[in-house]
Q: 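Got a structure for you, questions after.
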2 protein chains.
Amino acid sequence: MADQHTSAPPPADRALPATAWAVLGLLSFPGERTGYELKKWADASLRFFYWSPAISQIYAELRRLESLGYVTSRRSGPEEPRTKRTYAITALGRGALADWAGSAQDAGAAVLKHPLLLRVWLGHLTSPEHLRALVVEHIARTKGELKEVMDAGAQAEGVEAWAHPQIALRWSERRLKSELELAEAMLADLDELPS
Amino acid sequence: MADQHTSAPPPADRALPATAWAVLGLLSFPGERTGYELKKWADASLRFFYWSPAISQIYAELRRLESLGYVTSRRSGPEEPRTKRTYAITALGRGALADWAGSAQDAGAAVLKHPLLLRVWLGHLTSPEHLRALVVEHIARTKGELKEVMDAGAQAEGVEAWAHPQIALRWSERRLKSELELAEAMLADLDELPS
DNA sequence: GTGTGCATGTAAGTGGTTACATGATTGA
DNA sequence: TCAATCATGTAACCACTTACATGCACAC
């Protein structure tokens with residue numbers, strides 16, 4: 001436990017959580033942006049295949065990233081009047097992110113937490129009508145999300161820097177369409193259940 | 001802060017997390033089981049559409065559930081020699097679980113955390129070959145999971161108490177099949193990318 | 001007699017959320 | 001002038017994981 005206070009922290013003592021890389025990734029596309037903008041971005045795209053951290057989490061992540069030298073920030077530029085802080089990725093950050101992206105030979109298992117399925121799984125405790133209603137509600141929500149994804153995809157159209165994000169969005173679009181089919185099939189299964 | 005030690009705690013001061021209901025749900029099917037068995041169960045079914053808590057978490061959840069009177073436990077029955085603790089759901093617990101299952105008119109949005117998609121999204125930072133390899137790896141893993149789901153589904157076959165869990169497994173099976181298609185389609189998209 | 005599975009639990013720590021607090025800017 | 005949006009941040013809390021510790025039973 002000697003030397004508790006090193007002025008320059010060792011490059012990376014502990015591995016960063018995926019969230020940190022996701023936030024840094026958001027900054028790896030051309031342009032600078034504020035934490036607030038990052039949150040909206042995450043809501044509009046990341047969310048569909050990874051998840052959107054709380055805004056407070058994004059700010060915390062940005063501070064950590066800055067302390068590692070992976071991003072820099074500047075307060076309210078000459079033109080802009082507001083008290084806002086704009087972040088940009090550094091060369092070091094880009095390098096670290098590229099290392100992370102290229103390192104693993106296995107991205108890791110996907111985590112799915114589907115509350116609707118949890119209810120269906122416990123279906124013996126409630127009425128068939130209620131279960132049906134939940135599935136129907138889920139279908140409606142999914143249709144809404146599908147619309148959002150398609151809008152996001154349209155915005156990325158043609159911009160070459162967005163090529164990969166667009167593939168992710170296309171995947172999400174197909175995924176949501178399949179989610180609808182899955183829900184319909186489950187509705188049919190539910191109907192075939194003996195009362 | 002008067003009366004810190006009420007012998008019978010008020011039914012539920014704070015809402016329980018979904019995990020608690022999932023664990024209680026595991027006990028809502030006929031039979032008693034140990035924490036260890038619960039974990040294996042969760043790994044074999046819950047995991048495919050919700051997720052499997054760490055074993056230590058399951059033990060913690062069981063203690064909480066017991067303190068609420070939702071489950072009871074007994075140590076090593078007359079026959080069984082080992083130091084194990086077997087849990088069973090109580091009428092109170094079953095009631096609370098049924099309330100939870102029947103209460104919401106909306107199960108809540110599904111959360112998907114797909115590390116592979118995160119890498120693809122950041123594809124501009126790595127090589128097309130590496131990206132392809134990750135997708136291929138994911139396909140292999142998914143095939144393995146599909147096999148597991150089908151095995152689990154086969155075990156539930158015909159048992160009437162498992163009707164709903166089986167629907168959840170059937171959903172999972174279809175979902176994994178669609179996951180494979182999605183991955184293949186993404187592979188095709190990746191190939192069409194200009195270098 | 002040794003490793004694997006069964007079985008339970010503690011301690012420490014991280015990741016993340018919600019609620020709260022603050023204030024400037026924009027447009028109806 | 002009032003509400004919504006932009007913008008940042010703190011504090012408290014909780015959910016959950018990892019690592020560790022322990023020990024029995026059984027098969028090879």
Q: Tell me which donor-acceptor pairs under 3.5 Å the side chains of residues 143-152 of chain A have, and how far apart each pair is, sequence neighbours excluded?
A:
{"unit_1": "E148(A)", "atom_1": "OE1", "unit_2": "R47(A)", "atom_2": "NH2", "d": "2.6"}

Q: State whether T19(B) places a side-chain N or O below 4.0 Å from either non-bridging phosphate oxygen (OP1 or OP2) of dC16(D).
A: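 Yes.
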Q: With axes from five pairs an end, tell me the bend angle of the helix from dG1(C)-dC28(D) to dA28(C)-dT1(D), nearest 10°.
A: 30°
Q: I want to know whether W121(B) and F29(A) have ring centres closer than 6.0 Å.
A: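 Yes, they do, as the ring centres are separated by less than 6.0 Å.
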Q: For dG23(D), take OP1 and OP2 only and decide whether either is under 4.0 Å from a side-chain N or O of T83(B).
A: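 No, outside the criterion.
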Q: Can any side-chain N or O of K39(B) pair as donor or acceptor with the backbone N or O of S56(B) at less than 3.5 Å?
A: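 Here the side-chain-to-backbone pair does not exist.
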Q: I want to check one thing: is the phosphate of dA15(D), taken as OP1 and OP2, less than 4.0 Å away from some side-chain N or O of R64(B)?
A: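 Yes.
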Q: Specify the residue among Q57(A) and G35(B) whose closest nucleotide of DNA chain C lies further upstream toward the 5′ end.
A: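 Its nearest nucleotide being more 5', the pick is G35(B).
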Q: Indicate, yes or no, whether a donor-acceptor pair under 3.5 Å links the base of dT17(C) to the side chain of S56(A).
A: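 No, no donor-acceptor pair under 3.5 Å.
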Q: Using a cut-off of strictly less than 4.0 Å, decide whether W51(A) has a side-chain nitrogen or oxygen near OP1 or OP2 of dT17(C).
A: yes
Q: Is the shortest distance from a Lys or Arg side-chain nitrogen in E129(A) or R132(A) to a carboxylate oxygen in the other one below 4.0 Å?
A: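 No, no charged N to carboxylate O under 4.0 Å.
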Q: Taking the ring of W162(B) and the ring of W41(B), is the distance between their centroids below 6.0 Å?
A: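 So the answer is yes for these two rings.
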Q: Short question: side chain of T86(B), backbone of R33(B) - any donor-acceptor pair under 3.5 Å?
A: no
Q: Could you check whether K40(B) gets within reach of a base, just the sugar-phosphate, or nothing at all, counting any heavy atom under 4.0 Å?
A: sugar-phosphate
Q: Can you find a side chain N or O atom of Y36(A) that sits less than 4.0 Å from OP1 or OP2 on dC6(D)?
A: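 Checking dC6(D) against Y36(A), a side-chain N or O does come within under 4.0 Å of OP1 or OP2.
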